[in-house]
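Notes for the one structure printed next.
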Amino acid sequence: MTVAKELLGKLLVHETKEGTTIGRIVETEAYEGPEYKASHAYNNLRTERTEVQYGPKGHAYVYQIYGMYFCFDVTSGRLVGKPEAILVRALEPIDGLGVMMRRRGVSNGQIANLTAGPGKLCAAMGISKKQNGVDLCVPPLRIETGGTRDERQIVQTGRVNIDYADKWKYLPWRFFIKNNAFVSRPN
DNA sequence: TGCACGATTCTCT
DNA sequence: GAGAATCGTGCAA
């Protein structure tokens with residue numbers, strides 16, 4: 001929960017040969033295993049997919065969903081070996097807008113549509129399973145301080161699309177920046 | 001080896 | 001608001 005809030009306002013930077021893209025993190029969700037069913041690592045489920053959640057913290061956990069989209073998480077928690085991760089659900093585009101638009105397959109229109117959603121931000125930032133497990137403290141994919149974050153502007157609500165998680169689906173482990181136009185779902 | 005489904009997005013109504 | 005697109009993953013057999 002601490003890291004989910006701390007990540008808000010920080011910058012995600014990806015340097016690729018297509019160019020550098022930068023986005024400010026504005027929406028996150030916390031997934032803590034093994035006790036809570038919403039987590040992929042519920043019950044200490046340990047497979048090829050979930051493996052990086054058990055590794056070093058501050059690394060990328062990238063997985064594919066619905067056969068066509070990727071989601072990007074940051075591994076977190078105090079203990080290596082205990083699976084915890086923060087899903088990044090939305091970014092505010094800061095730099096590399098042209099590259100983002102090309103990757104998203106749009107030539108004009110809403111900037112808010114570029115990175116408002118976990119699948120969208122991965123496409124815009126050029127994140128795929130190739131980035132699974134990389135250290136987010138060093139290039140080419142890294143998180144930087146420098147963004148701003150006002151503790152009073154953080155909204156806390158329930159997580160999105162985890163109906164399968166029984167009673168745990170009601171936990172208020174989603175955080176986003178109030179009134180920010182780039183949040184995926186402003187409620 | 002087979003099968004149901006998802007931490008989503010887009011389009012159409 | 002409903003339905004499609006689309007396939008890796010996890011679990012049953």
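Letters go in sequence order (proteins before strands), and every chain restarts at 1.
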Step through the shown structure and confirm whether more than 12 heavy atoms of other residues, nucleotides or ligands are within 6.0 Å of CG on A/Leu45.
->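 Yes.
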Any chance OH of A/Tyr164 has more than 12 other-residue heavy atoms, nucleotides or ligands included, within less than 6.0 Å?
->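 Yes.
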Boundaries of the chain A footprint along DNA chain B (any atom under 4.0 Å from a heavy atom) |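 That gives a stretch of B/dG6 to B/dC10.
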Is there a donor-acceptor pair closer than 3.5 Å between any side-chain N or O of [X] and the backbone N or O of [Y]?
X        : Y       : answer
A/Lys10  : A/Ile25 : no
A/Gln53  : A/Tyr61 : no
A/Thr75  : A/Pro56 : yes
A/Arg159 : A/Ala30 : yes

Could you tell me whether [X] contacts a base, only the sugar-phosphate backbone, or nothing, with contacts defined as non-hydrogen atoms closer than 4.0 Å?
X       : answer
A/Arg46 : nothing
A/Ala38 : base
A/Gly67 : base

So [Y] and [X], do their side chains get closer than 4.5 Å, heavy atoms only?
X        : Y        : result
A/Leu141 : A/Phe72  : yes
A/Met125 : A/Leu91  : yes
A/Thr28  : A/Phe176 : no

Specify the residues of residues 176-186 of chain A, ordered by number, for which at least one heavy atom lies under 4.0 angstrom from an atom of DNA chain B.
->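 Going residue by residue through residues 176-186 of chain A, none turns out to have a heavy atom under 4.0 Å of DNA chain B.
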Where along residues 80-102 of chain A does a heavy atom fall under 4.0 Å from DNA chain B?
->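 By residue number: A/Leu87, A/Arg89.
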Is it true that A/Glu144 and A/Arg142 have a side-chain N and a carboxylate O under 4.0 angstrom from each other?
->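 Yes.
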With a 4.0 Å cut-off, would you call A/Arg78 and A/Glu84 a salt bridge?
->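 Looking at A/Arg78 and A/Glu84, the cut-off is not met.
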What do you reckon, are the aromatic ring centroids of A/Trp173 and A/Tyr31 less than 6.0 Å apart?
->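 Not close enough - the centres of the two rings lie 6.0 Å or further apart.
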Cut-off 3.5 Å, no hydrogens considered: what does the side-chain donor-acceptor table look like for residues 177-184 of chain A, sequence neighbours left out?
from     : atom 1 : to       : atom 2 : distance (Å)
A/Asn180 : OD1    : A/Phe182 : N      : 2.8
A/Asn180 : ND2    : A/Glu92  : OE1    : 3.1
A/Ser184 : OG     : A/Glu27  : OE1    : 3.0
A/Ser184 : OG     : A/Glu27  : OE2    : 2.9
A/Ser184 : OG     : A/Arg89  : NH2    : 3.3

Using a cutoff of under 3.5 Å, can you pull out all pairs of nitrogen or oxygen atoms linking the protein to nucleotides 9-13 of chain C, with atom names and distances?
from   : atom 1 : to       : atom 2 : distance (Å)
C/dT9  : OP1    : A/Lys129 : NZ     : 2.8
C/dT9  : O3'    : A/Arg49  : NE     : 3.4
C/dG10 : OP1    : A/Thr47  : OG1    : 2.6
C/dG10 : OP1    : A/Arg49  : NE     : 3.2
C/dG10 : OP2    : A/Thr47  : OG1    : 3.0

Can you list the stems that include DNA chain C, where a stem is three or more consecutive Watson-Crick or G-U pairs with distances under 3.5 Å?
->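 Stem list for DNA chain C: B:1-6 with C:7-12, B:8-12 with C:1-5.
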With under 30° as parallel and over 60° as perpendicular, where do the rings of A/Tyr42 and A/Trp168 fit, or are they tilted in between?
->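 Aromatic pair A/Tyr42/A/Trp168 classed tilted.
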Taking for each residue the nucleotide of DNA chain B with the nearest heavy atom, is it A/Asn113 or A/Tyr164 whose nucleotide lies nearer the 5' end?
->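 Between the two, 5'-proximity favours A/Tyr164.
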To the nearest 0.5 Å, tell me how far A/Asn113 CG sits from A/Arg104 CZ.
->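 If I round to the nearest 0.5 Å, the distance is 5.0 Å.
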If we take the P atom in both B/dG2 and C/dT6, what is their distance in whole Å?
->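 One P to the other, the span is 22 Å.
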